[in-house]
Amino acid sequence: MNVRTLIYSENTELSLQLLGKAIQLSGEDVSAVAVDPDQANVLVNSGAAKVYLAKDRSLDTLRGGILDVVTRESPDLVLVGSSKRGRELAPRVAAALDAGYSGDCFDVQQGEDGFQVKRLAYGGSTVATMKIRGKPAVVSVSPRSFQKPETQGKRGEAIELNVTSPASRVKVIESRPKKAGDSGLENAKVIVSAGRGFKKREDLKLLEELAAELGAKMGCSRPVSADLGWMAQWVGISGKKVAPRLYIACGISGTIQHAAGIRDSHIIVSINSDEAAGIHEISDYSIVGDIYTVLPALTRALRERAR
Ligand SMILES: Cc1cc2nc3c(=O)[nH]c(=O)nc-3n(C[C@H](O)[C@H](O)[C@H](O)COP(=O)(O)OP(=O)(O)OC[C@H]3O[C@@H](n4cnc5c(N)ncnc54)[C@H](O)[C@@H]3O)c2cc1C
């Protein structure tokens with residue numbers, strides 16, 4: 001069966017990952033919704049046959065725009081990037097179409113009578129495989145699930161959409177900037193992360209020193225952030241999902257909620273004094289030891305090597 005796919009993400013990097021998968025499934029039969037002319041340009045040059053440019057980024061405009069393109073292109077599959085915005089948008093689109101929906105998927109395959117998708121379940125401890133029947137199937141896709149397309153310089157067509165938002169029923173009374181800026185954890189190549197093994201806030205100095213030697217970002221488990229307030233953002237299923245080349249978990253026990261956020265890391269190193277801690281099971285390298293002796297020793301060794 002020839003599959004037609006429509007893709008959308010306001011994040012250009014993620015929209016390219018969706019495009020890579022869409023081309024794999026649909027060849028040239030891929031349409032896209034873009035949020036600005038630059039993104040539209042990238043997508044038409046990367047293999048999308050038709051790129052529809054939305055009038056603005058509001059949820060209603062995007063929802064209306066995607067529904068309009070669904071009417072025009074009649075796709076079998078709608079792939080939406082699982083950003084905060086995408087997670088709000090995709091189920092609304094699916095509801096309006098009375099279509100099957102699955103969120104935060106990392107795999108999508110064409111089946112005999114629909115699409116088969118995979119997503120993590122039970123806090124990331126297992127993989128749920130689901131079938132979506134009917135047309136179109138609406139799927140939101142987690143970042144870094146698919147590769148960007150290899151093709152470059154292929155010219156598709158950019159088309160302006162005329163859909164605008166109805167007058168909003170929401171009145172914004174005040175906007176405040178976030179207290180802490182983006183920690184950059186999601187794109188970090190190296191992360192050193194603190195757990196409740198740290199006894200006092202000041203002891204995070206040990207982690208800071210290691211981070212400085214490695215050029216790493218600092219993360220933590222949820223209690224260190226949400227309960228103790230020592231850091232702005234935590235890593236895990238309810239925090240940031242990360243995929244660094246190196247993740248060093250220091251004094252972290254490795255519950256499924258934390259593990260679900262680090263499973264895409266290339267190499268995981270654990271430092272935990274408890275030999276039976278779960279974190280050792282999901283680590284590539286385990287150090288059974290006290291962070292208060294291991295961290296200074298590691299930092300010292302790195303400094304000496306750098307000399
Ligand atoms: C709905 C829900 C969502 C959640 N989401 C998240 C999430 O996204 N991310 C997250 O992290 N948690 C999350 N949690 C919390 C999670 O269940 C755990 O409570 C939490 O991950 C434990 O954090 P920890 O490993 O730092 O602490 P602990 O489990 O207390 O582990 C501390 C570890 O440090 C070790 N240790 C102690 N002293 C030392 C020392 N001197 N040297 C070396 N090791 C030492 C201990 O052996 C122990 O293994 C969630 C919970 C719920 C209910």
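Numbering of ligands and ligand atoms starts at 1, following listing order. Note: hydrogens, waters and symmetry copies are ignored here, and every other heavy atom, side chains too, is used. Values in this document were obtained by computation on a predicted structure and should not be read as measured data.
With ligand atoms numbered from 1 in the order given, ligand 1 contributes 47 (O) to contacts under 4.0 Å with heavy atoms of D274. Close contacts between ligand 1 and I237 involve ligand atoms 5 (N), 7 (C), 8 (O) [criterion: under 4.0 Å to a heavy atom]. Remark: ligand 1 atoms within the under-4.0 Å shell around heavy atoms of S273 are 36 (N), 39 (C), 40 (C), 42 (N), 43 (C), 44 (N), 45 (C). Near G289, the atoms of ligand 1 lying under 4.0 angstrom from a non-hydrogen atom of the residue are 42 (N), 43 (C). Those atoms of ligand 1 that come under 4.0 Å of a heavy atom in W234, given as number and element, are 7 (C), 8 (O), 9 (N). Atoms of ligand 1 found under 4.0 Å from any heavy atom of P223, numbered from 1 in the order shown, are 20 (C), 22 (C), 23 (O). Remark: ligand 1 atoms within the under-4.0 Å shell around heavy atoms of G239 are 8 (O).
Protein heavy atom in closest approach to atom 31 (O) of ligand 1: S253 CB, 3.2 Å. Remark: minimum distance from atom 26 (O) of ligand 1 to any protein heavy atom is reached at S221 OG, 2.6 Å. Shortest contact from atom 51 (C) of ligand 1 to any protein heavy atom: R222 NH2, 3.6 Å. With hydrogens left out, the protein atom closest to atom 38 (N) of ligand 1 is K199 NZ, 3.1 Å, a heavy atom. Among all non-hydrogen protein atoms, the one lying nearest atom 36 (N) of ligand 1 is G197 CA, 3.7 Å. Summary of contacts: the protein heavy atom closest to atom 46 (C) of ligand 1 is N272 OD1, 3.6 Å. From the protein, the heavy atom lying nearest to atom 17 (O) of ligand 1 is Q257 OE1, 3.0 Å.
Residues L16 and P149 approach most closely at O-CD, 3.1 Å, considering heavy atoms. For G289 against I271, the heavy-atom pair with the smallest separation is O-CG2, 4.1 Å.
Taking only non-hydrogen atoms, the option from G251, S238, S193 nearest to atom 7 (C) of ligand 1 is S238. Looking at D290, D227, I252 and measuring to atom 41 (N) of ligand 1, the nearest heavy atom belongs to D290.
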Under the salt bridge (charged side-chain N to carboxylate O under 4.0 Å, His left out) rule, what do E209 and K205 come out as? Steps first, then yes or no, please.
CA-CA 6 Å; E209 286 169 354; K205 185 104 186 64; 3.7 Å; yes
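Between Y247 and the choices V235, D264, V269, D284, the side-chain contact (heavy atoms from CB on, under 4.5 Å) rule is met once, by V235. No option in H258, Q257, R222 other than R222 meets the side-chain contact (heavy atoms from CB on, under 4.5 Å) test with S238.
More than 12 heavy atoms of other residues, nucleotides or ligands shown are found within 6.0 angstrom of CG on D113.
Side-chain contact annotation: D56 with T61, donor-acceptor N/O pair under 3.5 Å present. No side-chain donor-acceptor contact under 3.5 Å links D290 and S273. Side chains of S225 and Q233: a donor-acceptor N/O pair is absent below 3.5 angstrom, by distance only.
Put simply, the side chain of R119 never gets that close to the backbone of V127: no donor and acceptor are under 3.5 Å apart. A donor-acceptor pair under 3.5 Å links the side-chain atoms of S83 to the main chain of G86, judged by distance alone. At least one donor-acceptor pair closer than 3.5 Å links the side chain of S265 to the backbone N or O of I262.
Annotation: V235 places an N or O atom under 3.5 Å from an N or O atom of ligand 1; distance criterion only. Close N/O approach between G195 and ligand 1 is not found [any backbone or side-chain N/O within under 3.5 Å]. Considering backbone and side-chain N/O atoms, I291 comes within less than 3.5 Å of an N/O atom of ligand 1. For Y292, no nitrogen or oxygen atom sits less than 3.5 Å from a nitrogen or oxygen atom of ligand 1, counting backbone and side chain alike.
Salt bridge annotation for R57-E10: absent, with no cationic side-chain nitrogen under 4.0 angstrom from a carboxylate oxygen.
Contact annotation for T255 and ligand 1: only side-chain heavy atoms (C-beta onward) come within less than 4.0 Å of the ligand.
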